[in-house]
Amino acid sequence: MLLRMSTLFLRTLREDPADAEVPSHKLMVRGGYVRRAAPGIYSWLPLGKMVLDNVASVVREEMNRIGGQEVLLPALLPREYYEASGRWTEYGDTLFRLTDRKDADYLLGPTHEELFTLLVKGEYSSYKDFPAILYQIQEKFRDEARPRAGVLRGREFHMKDSYSFDLDDEGLQRSYDLHRDAYIRIFDRLGLNYVIVSAMSGAMGGSASEEFLAETPTGEDTFVRSTASDYAANVEAVQTPTPPALPIEGRPEAQVHHTPDTPTIETLVDFLNGVGLGRSFTAADTLKNVLVKTRAPGEADWEIMGVGVPGDREVDMKRLEAVLHPAEVELLDESDFEANPFLVKGYVGPNALLRNKLRYLVDPRVAEGSAWVTGADEPDHHVVDLVCGRDFTPDGVIEAAEIREGDPSPDGRGTLYTARGIEIGHIFQLGRKFADAFGLDALGPDGKPRRITMGSYGIGVSRVVAAIVEQSHDDKGIIWPREVAPADVHVVGTGKGEQIEVAVRIAEELADRGVRVLVDDRKGVSPGVKFTDAELLGIPTSLIVGKGLAQGVLELRDRASGEREEIAVDTAVEKVVRSVKGA
RNA sequence: CGGGGAGUAGCGCAGCUUGGUUAGCGCGCAUGCUUUGGGAGCAUGAGGCCGCGGGUUCGAAUCCCGCCUCCCCGACCA
């Protein structure tokens with residue numbers, strides 16, 4: 001492959017585009033890899049298209065390796081399929097909808113479970129046909145509320161989606177594991193620094209869904225990881241270690257104190273430390289009871305419940321919602337308090353909740369035998385030394401307290417800190433939702449139909465390109481890993497003599513030897529411009545044919561390390577071939 | 001949906017407060033000469049619906065009203 005910059009459809013920009021914020025967006029636009037066509041919609045120019053194809057090739061190779069078979073389904077889909085699965089309504093505004101001339105509803109596919117399910121249903125009917133893995137690499141459409149950061153979060157994007165079809169849960173687990181391994185190979189080959197986090201809430205548990213996050217400061221997803229191990233998880237999935245139970249015998253009796261004007265944890269702690277109880281208290285010694293109401297899907301009535309967390313922590317509504325999903329959650333409002341006078345705002349204790357048969361769940365730190373300062377269920381009164389397991393017994397534990405930097409890692413090694421990542425892959429055990437919706441069965445050896453169980457697995461191919469740039473660039477430009485680079489070598493001819501001719505000749509030789517070459521054969525362009533462009537474009541290796549040519553010397557540069565090496569003209573081709581192939 | 005910002009040449013921007021020649025600068029582009037190892041110099045040029053619609057005025061990029069669009073932060077996002 002030989003690309004000549006004199007004719008390449010490429011224009012690099014000296015300045016950052018005004019609408020770009022993150023490095024990948026700036027560099028991909030400046031380097032002439034992509035151009036914005038509309039909000040969240042991008043055109044891929046020749047070099048960008050090559051990178052995109054290279055990433056897709058890696059994905060394709062690894063999908064084929066696990067037995068995936070590539071197909072290409074339409075992106076334009078009739079409403080009826082998504083009506084059958086319920087997603088015509090479930091997807092909401094994120095779905096791109098359109099109508100044809102006969103006023104029939106269509107959509108642009110955001111993901112293709114429906115059509116794949118129907119495709120398999122139409123072709124396969126025997127247990128002998130399964131398992132099967134089908135995939136495609138294609139444009140997806142989602143009308144994001146706020147597209148941002150260039151191709152990182154677009155409304156049209158390139159995605160690999162695959163679907164597995166199995167006869168039973170063990171088969172699904174195998175297909176899931178195959179994908180998980182394939183994804184690890186793919187992202188390793190692409191040179192990405194990533195973590196795998198559980199995407200399911202703590203309560204749902206299991207490994208039924210995992211996300212692959214490329215770690216970057218500009219990522220949209222927050223996750224936590226450990227300082228001392230490779231533990232990583234979504235904030236929603238972090239399990240708080242439960243402290244050991246303490247003996248109850250010999251603990252001081254619970255005592256109610258008059259604590260005027262202490263509606264907040266802070267004022268309460270200050271008050272207690274001021275009245276001389278013979279010991280000091282911190283916010284972590286208090287038990288804060290947050291009242292929420294939940295409503296299960298389809299239900300009309302709200303149920304009030306109490307959530308007990310250590311007073312030095314807030315309830316993280318996202319974690320709470322994840323645990324209670326699919327129920328809705330809201331904080332109580334004034335009218336709820338008025339309707340339930342036993343709830344004394346600011347002074348709610350466990351026993352008012354338990355006595356009134358309200359569900360009361362506590363943070364795992366509220367373990368058996370732990371003693372707390374908490375509300376006494378009457379205005380201006382708190383109770384000290386209320387012992388869990390003796391003075392009150394919660395209905396269970398709940399992961400709702402905020403996660404903080406420095407919390408112990410759930411795996412017992414190190415402490416947690418928060419990091420940000422870009423979701424580049426997601427693997428998901430769908431189960432039978434779509435098979436049920438479309439009646440996808442296979443006839444078993446016993447002559448009876450068996451409902452197929454499915455998995456769906458995505459990789460955002462265009463997003464991966466941006467993620468690579470996020471992780472691999474410097475202030476001068478992009479630094480492509482060789483596997484995805486648009487070329488192996490950037491041959492730069494600079495000078496007014498025969499340098500450009502020689503550069504082209506060397507480039508041709510390299511191309512003949514199977515090296516992918518970009519040659520800067522532009523005339524009348526100063527060396528500074530060519531070097532700057534080379535650094536911006538980010539081809540892993542540059543070969544400079546310049547002022548050294550008169551002495552028979554060329555210069556080999558490594559984009560990543562910045563190392564420069566002088567090499568002889570006559571051995572240059574051989575040396576480049578070796579370094580490219582050997583890399 | 002809430003908050004903030006911005007629409008002027010392909011790209012990046014000034015001009016608007018205080019209306020008044022032919023709307024300007026840098027980059028890029030074209031032509032010529034010079035230059036050629038770190039975003040070159042000189043000269044000449046092409047390129048504009050000043051977001052759209054209405055209004056005020058002798059006169060509007062500039063003032064007023066309405067609308068549209070885009071960007072950023074947040075909410076939302078199987």
Side-chain angles (χ1 to χ4, degrees), chain A residues 10-22 25-26 29-32 35-41 82 85-95 109-114 140 142-150 152-155 157 159 161 163 199-201 204 208-211 218 220-221 317-318 321-322 325-326 423 426-431 433-434 437 454-458 460 476-477 492-500 503 520 522-537 542 544-551 553-555 557 562 564 566:
Chain A
L10 170 74
R11 190 106 304 155
T12 57
L13 304 180
R14 190 178 292 219
E15 290 165 289
D16 286 333
D19 57 0
E21 205 69 14
V22 302
H25 188 187
K26 289 178 182 172
V29 171
R30 280 188 53 206
R35 286 289 182 264
R36 195 185 82 112
I41 302 177
Y82 282 67
S85 67
R87 293 208 296 185
W88 177 261
T89 38
E90 267 178 31
Y91 237 101
D93 292 337
T94 307
L95 201 59
T111 165
H112 280 69
E113 281 79 2
E114 286 82 355
K140 292 284 186 277
R142 295 184 196 173
D143 193 0
E144 297 284 351
R146 191 155 89 77
R148 67 189 101 178
L152 214 42
R153 183 183 186 78
R155 297 196 297 167
F157 53 97
M159 174 170 166
D161 51 322
Y163 305 88
M200 297 297 278
S201 68
M204 312 294 269
S209 172
E210 287 169 298
E211 287 174 357
T218 49
E220 292 187 275
D221 297 315
M317 287 305 284
K318 281 202 156 173
E321 282 167 13
H325 185 84
E423 183 185 343
H426 195 163
I427 52 178
F428 189 55
Q429 295 191 15
L430 276 177
K433 169 173 176 174
F434 291 90
M454 294 170 54
S456 84
Y457 318 88
K476 295 191 177 75
V492 178
T494 114
K496 58 180 172 180
E498 55 169 2
Q499 286 94 335
I500 289 177
D520 195 339
R522 293 177 293 177
K523 296 199 169 74
V525 176
S526 71
V529 171
K530 293 193 173 191
F531 295 149
T532 312
D533 274 346
E535 281 152 347
L536 174 62
L537 293 176
S542 294
I544 316 299
V545 183
K547 65 179 182 188
L549 186 62
Q551 290 76 48
V553 173
L554 307 184
E555 185 180 316
R557 295 188 188 176
R564 303 176 179 199
E566 302 220 315

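Bear in mind the structure is a predicted one, so any value in this text is a computation, not a measurement. Hydrogens, waters and symmetry mates are skipped; everything else that's a heavy atom, side chains included, is used. Order of the sequence lines sets the chain letters (A, B, ...), proteins ahead of strands, with each chain counted from 1.
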Expected output: side-chain [X] to main-chain [Y] donor-acceptor under 3.5 Å:
X        : Y        : value
A/Arg148 : A/Arg153 : no
A/Glu144 : A/Arg142 : no
A/Arg35  : A/Val29  : yes
A/Arg30  : A/Leu13  : yes

Nearest atoms (heavy-atom pairs only) where A/Asp19 meets A/His25: O-CE1, 3.8 Å
When rounded to the nearest 0.5 angstrom, what is the spacing between [atom1] in [X] and [atom2] in [Y]?
X        : Y        : atom1 : atom2 : answer
A/Arg557 : A/Ile544 : CZ    : CD1   : 4.0 Å
A/Ile500 : A/Leu549 : CD1   : CG    : 11.5 Å
A/Arg87  : A/Phe434 : CZ    : CZ    : 4.0 Å
A/Phe428 : A/Tyr457 : CZ    : OH    : 10.5 Å
A/Leu152 : A/Phe157 : CG    : CZ    : 12.0 Å

In whole Å, measure the gap between the [atom1] atoms of [N] and [M] for me.
N     : M     : atom1 : result
B/A23 : B/A60 : C1'   : 13 Å
B/A30 : B/C76 : C1'   : 50 Å
B/G10 : B/C72 : C1'   : 24 Å
B/C13 : B/C65 : P     : 27 Å
B/G45 : B/G24 : P     : 14 Å
B/A46 : B/C29 : C1'   : 8 Å
B/G66 : B/U62 : P     : 16 Å
B/U69 : B/C50 : C1'   : 16 Å

Presence of A/Lys496 side-chain N/O under 4.0 Å of B/U36 phosphate oxygens OP1/OP2: yes
Sugar-phosphate, base or nothing in reach of A/Ile544, heavy atoms under 4.0 Å: base
Residue met sooner reading RNA chain B from 5', once A/Gly495 and A/Thr111 are mapped to nucleotides: A/Gly495
Chi angles and distances behind the side-chain contact (heavy atoms from CB on, under 4.5 Å) call for A/Thr12, A/Thr532: CA-CA 10 Å; A/Thr12 57; A/Thr532 312; over 6 Å; no
Interatomic distance, A/Lys523 NZ vs B/U35 P [rounded to whole Å]: 18 Å
Whole-Å gap separating C1' (B/C13) and CG (A/Asp16): 14 Å
Hey, what are the protein-to-nucleotides 70-76 of chain B N/O distances that come in under 3.5 Å?
from	atom 1	to	atom 2	distance (Å)
B/C70	O3'	A/Arg36	NH1	3.3
B/C73	OP2	A/Arg146	NH1	2.9
B/C73	OP2	A/Arg146	NH2	2.8

Step-by-step salt bridge (charged side-chain N to carboxylate O under 4.0 Å, His left out) determination, A/Glu113 to A/Lys433: CA-CA 10 Å; A/Glu113 281 79 2; A/Lys433 169 173 176 174; over 6 Å; no
Nucleotide pairing, RNA chain B (Watson-Crick or G-U, distances under 3.5 Å), in dot-bracket with [ ] and |: (((((((..((((......[...)))).((((((.....)))))).....(((((..]....))))))))))))....
Protein proximity profile, nucleotides 38-43 of chain B - base contact B, sugar-phosphate-only contact S, no contact -, cut-off 4.0 Å on heavy atoms: BBS---
